[in-house]
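Values below: every heavy atom of this structure, side chains too, minus hydrogens, waters and symmetry copies.
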Amino acid sequence: MKNIARSRLTQVAALAAASMLAVGGCSTSPPTSSASSDSSGGGAASASSAAGTAATGPLSAFYTQKLDWKSCDDGECAKLRVPIDYAKPSGPSIEVAVNRMKATGTKKGSLVVNPGGPGGSGVDYAAAADQIVSKSVRDSYDIVGFDPRGVQRSAAITCVDDATLDQFMGSDPSPDDKSEQNALLAGDKKLADACKKNAGPLLGHVSTEEVAKDMDVLRAALGEQKLNFLGKSYGTMLGATYADLFAKNVGRMVLDGVLPPDLTMQQINEGQATGFEKALDAYLADCVSGGKCPLGSDAASAKKKLQTWLAGLDAKPIKASGDKRLSTLTEGWAINGIAASLYDQAKWGELTQALRSALGGDGTQLLNAGKSYAERNDDGTYQSNMMQVLNAVTCLDRPAPTGGVAEYEKDAEAFSKKAPTWGRQMAWAGAVCADWPVKTTGRPHEVKAAGSAPIVVLGTTRDPATPYEWSERLAGELQNSRFISYDGDGHTAYGRGSQCVDNAVDHYLVDGSDPAKKTTC
């Protein structure tokens, strides 16, 4: 998930460099081997047979295309052509960038991966194949990633320049008076107007459903009868949407850290407020247990001090150094920095150091954490367009609240009762979509994926960005799910240190071993 302050916490991105340490315990029933032989994806099917009936329909030119693989900096690269509008397949089209890291052993098929976002680069994620999957999975699969439409190498959407984006990112995310409310709404309107002016016709066609349709074209172009997929964070919504549209084409699918398609925008914002509050509580308990926490000696007073300090930044940012354009730490950038550290408990020590320095008047370390979260360089440039495209996807996928300021304030009061640190800013998180220049095309809906192969769903108990309850929710809705419950901190579970989790996922992907209906790690 990216930019908690102003990119609307509905966006979730997995950590691409998750560690593969093998630790931890597990309590589960023995796995059974019930996956069908072709759920591995086949690998030898021709593009036309893999395409099925689509090969003879209006989309046949897309489904029967062959990928022209060429060596690139990381692995092999190709371009996949897809229509801008699936309702008008003979109209304009775009090229989607694809990357392949070939299997290091005997190939079973292709495993398509997505790190989240919306706006995360699957090309970059696949290039880190050795870090994102285990050796056994790496041996068995070509790891394939793609930049979704509108992202980086795939007809990237750009609305504003970097300096304007800095202003948006650093502005006050939790308005508490009329003046601050008006400033937030004006900033949102400025971004929406810029997207209308500069983003082009693709702005209305970057929805999750359209990306899921691109994934089925990719499946066929890879020569696979089934799609094998590892999606983390927002990538789980892509996977679930694909399963909803193409249940019979689902191969071995792993959804880790779930964003359920049936949640409203307000439900997502409230859930993430409570998720980050729970993660903050876990961090503060750890911080004070060491006896040298800069926020205080007990968790309750530490949280109060942090809240008071953040409120002070609203009125008076503190100095920061080392950046070409940003010379102060604002509340918006501070929230980003704190959120970045809550994604991974391994960063808690760095957060403590950054807070100690910031409380002493130097916001450099916390600003750097926030910039890393936003994929921003010290020279003022952004490494990707994630911070821009994610709003375009979010505003297409779900309707925004329609009650205006009164509704945002009502939600702020309700959310803050459960999440006093994060509730107010989360309540205002949907405001950017209120004036969005293209109409919402999606609606919250349950996904059952009737007739699919078993889909493995993972949930982490103290995940800040995708609360554990969301993974439980989707696992309960899917007709054929397997749920892996991980008692831990941080965002997502696979490849983050639990041998129990990793073994269950690896056996499923490599051997077709169907995990128990529920596995507890």
To the closest 0.5 Å, what do you measure between OH (Y494) and CG (D256)? 9.5 Å
Is any side-chain heavy atom of V96 closer than 4.5 Å to one of V217? no
Just by modelled atom types, is the Y468 backbone N or O under 3.5 Å from a matching donor or acceptor in the D463 side chain? no
Would a distance-only check, ignoring hydrogens and angles, find a side-chain to backbone donor-acceptor pair under 3.5 Å from S357 to Q353? no
Any chance you could measure Y408, atom OH, to Q181, atom CD, to the nearest 0.5 Å? 11.0 Å
D193: which of K190, K197, K189 passes salt bridge (charged side-chain N to carboxylate O under 4.0 Å, His left out): K189
Do the side chains of F276 and T421 get nearer than 4.5 Å, heavy atoms only? no
Applying salt bridge (charged side-chain N to carboxylate O under 4.0 Å, His left out), can you list everything that pairs with D161, at least two apart in sequence or on another chain? none
So how far is it from D177 CG to D172 CG, rounded to the nearest 0.5 Å? 8.5 Å
What residues, two or more places apart in sequence or in another chain, satisfy side-chain contact (heavy atoms from CB on, under 4.5 Å) together with K439? none
Do K319 and S327 come within less than 4.5 Å of each other through their side chains, counting heavy atoms only? no
Could you tell me whether the side chain of S289 and the main chain of D286 form a donor-acceptor pair under 3.5 Å? yes
Quick one: do Y242 and L227 satisfy side chain to side chain contact (heavy atoms under 4.5 Å, CB included)? Show the steps, please. CA-CA 9 Å; Y242 180 90; L227 178 75; 3.6 Å; yes
Are the side chain of E350 and the backbone of K347 linked by a donor-acceptor contact shorter than 3.5 Å? no
Taking all non-hydrogen atoms of both residues into account, name the closest pair between A212 and T241 and its distance. CB-CG2, 3.9 Å
Candidate pair Y141 and V113, rule side chain to side chain contact (heavy atoms under 4.5 Å, CB included), full reasoning: CA-CA 11 Å; Y141 287 95; V113 298; over 6 Å; no
Partners meeting salt bridge (charged side-chain N to carboxylate O under 4.0 Å, His left out) with E407 (sequence neighbours left out): none
How long is the gap from CH2 on W309 to CG on L295, to the nearest 0.5 Å? 9.0 Å
Quick test of your reading of the model: are D344 and R496 salt-bridged, counting only N-O distances below 4.0 Å? yes
Is there a side-chain contact between I338 and L310 (heavy atoms, below 4.5 Å)? yes
Could you grab the distance from atom NZ of K213 to atom OH of Y86, nearest 0.5 Å is fine? 8.0 Å
With sequence neighbours excluded, tell me which residues meet side-chain contact (heavy atoms from CB on, under 4.5 Å) with S121. V123, D124, D147, Q152, R153
With sequence neighbours excluded, what pairs up with C77 under the side-chain contact (heavy atoms from CB on, under 4.5 Å) test? C72, N99
D397: salt bridge (charged side-chain N to carboxylate O under 4.0 Å, His left out) partners, not counting sequence neighbours: none
Please determine whether side chain to side chain contact (heavy atoms under 4.5 Å, CB included) holds for the pair I143 and Y125, giving the CA-CA distance in whole Å, both sets of side-chain angles, and the decisive distance to 0.1 Å. CA-CA 9 Å; I143 306 301; Y125 198 54; over 6 Å; no
Taking disulfide (SG to SG under 2.5 Å) as the cut-off, I'd like each qualifying pair that reaches into residues 306-397, sequence neighbours left out, listed once. C395-C433
For residues R398 and I268, determine if any side-chain heavy atom of one lies less than 4.5 Å from a side-chain heavy atom of the other. yes
Any idea which heavy atoms bring G459 and S471 closest together, and the distance? CA-OG, 3.4 Å
Partner of Y382 under side-chain hydrogen bond (donor to acceptor under 3.5 Å, both in side chains), picked from N377, D162, D166, is D166
Residues at least two apart in sequence or cross-chain that pass salt bridge (charged side-chain N to carboxylate O under 4.0 Å, His left out) with R424, listed by chain then number, are E409
Would you say W422 and L280 make side-chain contact, with heavy atoms under 4.5 Å? yes
Would you name the heavy atoms of V258 and T466 that are closest together and state the gap between them? O-CB, 3.4 Å
Taking every non-hydrogen atom, the tightest pair across A299 and L284: O-CD1, 4.2 Å
So, are E469 and R473 salt-bridged, with charged N and O less than 4.0 Å apart? no
Check: T461 side chain, G488 main-chain N or O, donor-acceptor pair, under 3.5 Å: yes
Could you note down all residue pairs passing salt bridge (charged side-chain N to carboxylate O under 4.0 Å, His left out) where residues 71-84 supplies at least one of them, sequence neighbours left out? E76-R100, R81-E95
Can you list every salt bridge (charged side-chain N to carboxylate O under 4.0 Å, His left out) pair that touches residues 265-275, not counting sequence neighbours? E270-K418
Would you call the rings of W348 and Y283 parallel, tilted or perpendicular, taking 30° and 60° as the class edges? perpendicular
For A320 and G363, which heavy atoms make the closest approach, and how far apart are they? CB-C, 3.9 Å
Assign the ring pair Y343 / H491 to parallel, tilted or perpendicular, where the plane angle (0 to 90°) is split at 30° and 60°. perpendicular
Any donor-acceptor pair under 3.5 Å from N385 side chain to I157 backbone: yes
Side chains of T441 and E209: any donor to acceptor distance under 3.5 Å? no
So do the side chains of W428 and L185 get within less than 4.5 Å of each other, counting heavy atoms only? yes
Spacing of L111 atom CG and I132 atom CD1 [to the nearest 0.5 Å]: 8.0 Å
Answer yes or no: is there a donor N or O on one side and an acceptor on the other, between the side chain of R149 and the main chain of P83, under 3.5 Å? yes
Non-neighbouring partners of D244 that pass side-chain contact (heavy atoms from CB on, under 4.5 Å), sequence neighbours left out: H445, V447
Check: C159 main-chain N/O paired with Q388 side-chain donor or acceptor under 3.5 Å: yes
Please collect all salt bridge (charged side-chain N to carboxylate O under 4.0 Å, His left out) contacts where either partner lies in residues 378-390, sequence neighbours excluded, each pair once. K371-D378
Checking side chain to side chain contact (heavy atoms under 4.5 Å, CB included) for the pair W436/T394: CA distance, chi angles, key distance, verdict? CA-CA 10 Å; W436 203 247; T394 299; over 6 Å; no
Kindly say whether A129 contributes a backbone atom to a donor-acceptor pair with the side chain of R138 at under 3.5 angstrom? no
Side chains of P294 and C287: closer than 4.5 Å at any heavy-atom pair? yes
Heavy-atom donor-acceptor pair, T330 side chain to G170 backbone, under 3.5 Å: yes
Locate the shortest heavy-atom distance separating A302 from G296; write the atom from each residue and the value. CB-N, 4.5 Å
